[in-house]
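Side-chain atoms are counted along with the backbone in the values below, which use heavy atoms only and exclude waters and symmetry mates. Just so it is clear, the model here is predicted, and its values are computed rather than measured. Lettering of chains follows the sequences in order, A, B, ..., and the numbering in each one begins at 1.
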2 protein chains.
Amino acid sequence: MAGAGQPTIDEVARLAGVSRGTASRVINGGAHVSPAAHEKVLKAIEELQYVPSRAARSLVTQRNDAVALAISDANPRLFTEHPFFSEVIVGIDTVLAESDLELMLVLGASVRERNRLRRQLSSRRVDGIMLLSLHGEDPLYELAEQADVPVVYGGKPLGVEPPHYVDADNRGGARQAVEHLVTTGRQRIATVTGPMDMDVGVARYHGFRDALGSAGLPAHRVANADFTAASAVRAMADLLDRFPDLDAVFVAADSMAAAALGVLHERGRRIPQDVAVVGFDDRATALTTHPPLTTVHQPVQALGAEMAKMLLSLMAGRPAGHADPAHAAGHPAIDVAQFTVTENECVARPVPPFQSSKPASTSISHHEFWR
Amino acid sequence: MAGAGQPTIDEVARLAGVSRGTASRVINGGAHVSPAAHEKVLKAIEELQYVPSRAARSLVTQRNDAVALAISDANPRLFTEHPFFSEVIVGIDTVLAESDLELMLVLGASVRERNRLRRQLSSRRVDGIMLLSLHGEDPLYELAEQADVPVVYGGKPLGVEPPHYVDADNRGGARQAVEHLVTTGRQRIATVTGPMDMDVGVARYHGFRDALGSAGLPAHRVANADFTAASAVRAMADLLDRFPDLDAVFVAADSMAAAALGVLHERGRRIPQDVAVVGFDDRATALTTHPPLTTVHQPVQALGAEMAKMLLSLMAGRPAGHADPAHAAGHPAIDVAQFTVTENECVARPVPPFQSSKPASTSISHHEFWR
DNA sequence: TCCGTTCATGGGAGCGCTCCCAAAAAGGTC
DNA sequence: GACCTTTTTGGGAGCGCTCCCATGAACGGA
């Protein structure tokens, strides 16, 4: 009868010689419990190896102590190719680890998975949702809106302004990257863009235009890609076909830049003598290419961490309604990632802390491209 | 009173004009329910947007419809640098999507996270556990053994033979890679190994030794690394210092090979004229390097999928105890990944299906290294 | 028409917990 | 020692579901 499956709180209480209520109190922080009882319960828990049933607890508290990360991208290849997602996950996990929340991962590639996602998000199994990589007309956006738990977006969805999201200043970063090309004397600057149905793709493209516009240079050398290596190869080849005289390329992601580099090599372009290349995203990838890629660094882990923090504060604010002095004017709807300034070899340089609501200071990692 | 929070099954039943039991039957497959009642319940569900509470269901069924993927690696950087983990996740998710199971992701980098992991795995919140990337003396192994849910390992833990795991024939794959170097006339072959406290690191190193041993070549040109790019840079530099005359390197992971390539370039080695390089893992990474990396491909997604399938069958077998004819002799404890044979440029080549319990046929992607 | 079967249905019990209230115990004060 | 206050404790109620058993309806054969 006892010891059948997992021990229950009643068994703990019995062993400790106290009531179920007292045992529960000890488990949940131990307020209003005499030291003697506290001690006894603790010992019983230890002896029985008791771990509370989350299901039973959730049923009564109506909380789940779990959050979901939904990655809604039609292209599973992107998830594996692009370190972005892993970085975000690590950032999120770092924050979650401190709060004992579980992380549910939902990939939403296929229609089938999309339905599953729908079910999972609405089965009251999680207390908050983080949404990543939303394309333009992503049906998930709608779904998330009608969820009755807080939702935080990673990357602003295209065309809408959701109440809570975290994003980097993609436009400013791209602008700086391209300005750097201009500064070093490049004249015929091209770009391989990200997907134009995502804000990140559009914003970086706008940054490209901004920089060239200010410099009085033409901005018509454009080829679209979708962040995958294969698409970048096509786009780079396309650019070279259409504009054989281009002397610089701004590629909207490092993983794509690495692929573009291969095409340039193949076509006999010397880098950086013939064509300069600037990427965007992370330093790690940039260093494995040859030559090491010049890149604008985006603190993706910090972005993930910020998403998690924002979600946490949303979740806390909901039931308690307490006003956090730091956020007196309401929750910050937008956080702007700072780009890292790195002027030298940067393998071991620590990532500067992510900061909220400050003007984005962007920067560029110099490598031998510019020597 | 009604409509307060989420609708309950009772509200559905009331609206449909049937009893709670009948509503429940419809929700769970609809056996022994008259067409009329069935119809009415479905309509009520639709109208109320009812989704069953997982917590309540779990409490009574003692199931969770969730599995955990625990990645127990001390190095968070590895997770972000190495596409391996993303690939595994995608593979797992593909299988899970068909079974409506949730995936909890637990990273176990820090001690704090390790404790959290411990708690999560024993809080009866998941029905099965997949463990990835276990290092030598990982305490998690013990913990998993005493968990009362099925456990599947991704990658054989070092020094033990767990009942259920999925792994690739790392030794055979490495051997083939190195044999390839031998075949093309290389004499002074070195290796950058993976972590030697993981089976994958040791096995690939053994494969290296196997090949050189058979060829009668010395196998002393060895530098250890841990799968991170930084460690590979160090190891490659170390090899060049100690064995300036080396004419080939087998690098135990593509992500490391990319980094090693940079070092070789820097030191003025021409590739492949002076030094040939072979990597190990995935084709995608291999193509973004310059020149494109020759590599032994490991179908990592398939490995993830296989882990999930194994776990699923374990979970199903437990309560039902039904004997699957295909696995008549008991569950297969070991699955061996086939390596992909690709003799040409291979961007678009489909991955051959992953197969169980067959001799590993290994192969190598040819690129201009060998032209 | 009556009775034995089969099948659909209703609803009680209970999963393991937290919440809350009432009761008991412990302190403090005059 | 009587009385009031505070702290600690016990245990009932109930979260939303599934399981199961008893009941009722429908059906078919004699």
Side-chain angles (χ1 to χ4, degrees), chain A residues 1-41 44-45 48-66 119 122-125 127 148 319, chain B residues 1-42 44-45 48-65 119 122-125 127 148 319:
Chain A
M1 176 164 277
Q6 290 277 343
T8 72
I9 197 174
D10 285 286
E11 292 173 45
V12 171
R14 199 175 315 137
L15 182 61
V18 301
S19 76
R20 180 165 32 82
T22 301
S24 177
R25 264 168 233 124
V26 171
I27 290 160
N28 293 289
H32 301 293
V33 176
S34 69
H38 194 106
E39 175 71 18
K40 283 189 292 182
V41 172
I45 288 173
L48 294 174
Q49 294 259 44
Y50 169 78
V51 181
S53 155
R54 288 250 193 187
R57 179 178 285 179
S58 288
L59 185 58
V60 51
T61 61
Q62 302 284 33
R63 283 181 301 104
N64 297 91
D65 300 316
R119 251 175 294 132
S122 52
S123 65
R124 311 176 240 160
R125 203 30 197 250
D127 304 322
D148 51 355
Chain B
M1 176 162 282
Q6 289 277 343
T8 71
I9 197 173
D10 284 286
E11 291 173 45
V12 170
R14 199 175 315 137
L15 182 61
V18 300
S19 75
R20 180 167 30 83
T22 300
S24 177
R25 263 168 235 125
V26 172
I27 290 160
N28 294 288
H32 301 291
V33 176
S34 69
H38 194 105
E39 176 71 19
K40 282 188 293 180
V41 171
L42 250 33
I45 288 174
L48 294 174
Q49 294 259 46
Y50 169 77
V51 181
S53 154
R54 288 252 193 183
R57 180 178 284 179
S58 287
L59 185 57
V60 50
T61 61
Q62 302 285 35
R63 283 182 301 103
N64 297 90
D65 301 317
R119 250 175 295 133
S122 51
S123 66
R124 314 176 235 161
R125 233 331 231 265
D127 304 322
D148 51 357

Would you tabulate the nitrogen or oxygen pairs shorter than 3.5 Å linking the protein to nucleotides 22-24 of chain C?
none

### Message
Less than 4.5 Å apart, side chain to side chain, heavy atoms only: is that true for Arg14(A) and Ile9(A)?
### Response
no
Mind listing the side-chain donor-acceptor pairs of residues 54-61 of chain A below 3.5 Å, one per line with the distance, residues two or more places apart or on another chain?
{"unit_1": "Ser58(A)", "atom_1": "OG", "unit_2": "Arg54(A)", "atom_2": "O", "d": "3.0"}
{"unit_1": "Ser58(A)", "atom_1": "OG", "unit_2": "Arg63(A)", "atom_2": "O", "d": "2.8"}
{"unit_1": "Thr61(A)", "atom_1": "OG1", "unit_2": "Arg57(A)", "atom_2": "O", "d": "2.8"}
{"unit_1": "Thr61(A)", "atom_1": "OG1", "unit_2": "Arg63(A)", "atom_2": "N", "d": "3.2"}

### Query
Taking atom CD of Gln62(B) and atom CD of Gln6(A), what is their separation to the nearest 0.5 Å?
9.5 Å
### Query
Which pair of non-hydrogen atoms, one from Leu48(B) and one from Leu15(B), has the smallest distance, and what is that distance?
CG-CD2, 3.9 Å
### Message
So which atom in Tyr50(A) and which in Ile27(A) form the shortest heavy-atom distance, rounded to 0.1 Å?
### Response
CE2-CD1, 3.5 Å
### Query
Which of residues 55-65 of chain B sit near DNA chain D, with a heavy atom under 4.0 Å from it?
Ala56(B), Arg57(B), Leu59(B), Val60(B), Thr61(B)
### Query
What pairs with Arg25(B) under salt bridge (charged side-chain N to carboxylate O under 4.0 Å, His left out), at least two apart in sequence or on another chain?
none
### Task
Using the test salt bridge (charged side-chain N to carboxylate O under 4.0 Å, His left out), find all partners of Arg124(A) that sit at least two apart in sequence or belong to another chain.
none
### Message
Is it the case that the side chain of Asn64(A) and the backbone of Asp127(A) share a donor-acceptor pair, with hydrogens and angles ignored and the cut-off at 3.5 Å?
### Response
no
Side-chain donor-acceptor pairs of residues 33-40 of chain A under 3.5 Å, sequence neighbours excluded:
{"unit_1": "Ser34(A)", "atom_1": "OG", "unit_2": "Ala37(A)", "atom_2": "N", "d": "3.3"}

### Task
Return the set of residues passing side chain to side chain donor-acceptor pair (under 3.5 Å) with Ser24(B) (not counting sequence neighbours), or none when no residue passes.
Asn28(B)
### Query
Heavy atom of residues 17-28 of chain A under 4.0 Å from DNA chain C: which residues?
Arg20(A), Ser24(A), Arg25(A), Asn28(A)
### Message
Just to be sure I understand the geometry, which residues of residues 31-41 of chain A put a non-hydrogen atom under 4.0 Å away from DNA chain C?
### Response
none
### Message
Tell me the bend of the helix from dT1(C)-dA30(D) to dC30(C)-dG1(D) as the angle between end helix axes, each from five pairs, rounded to the nearest 10 degrees.
### Response
40°
### Summary
In the 5' to 3' direction, the nucleotides of DNA chain D bounding the stretch that comes under 4.0 Å of a heavy atom in chain B are dG16(D) to dC20(D)
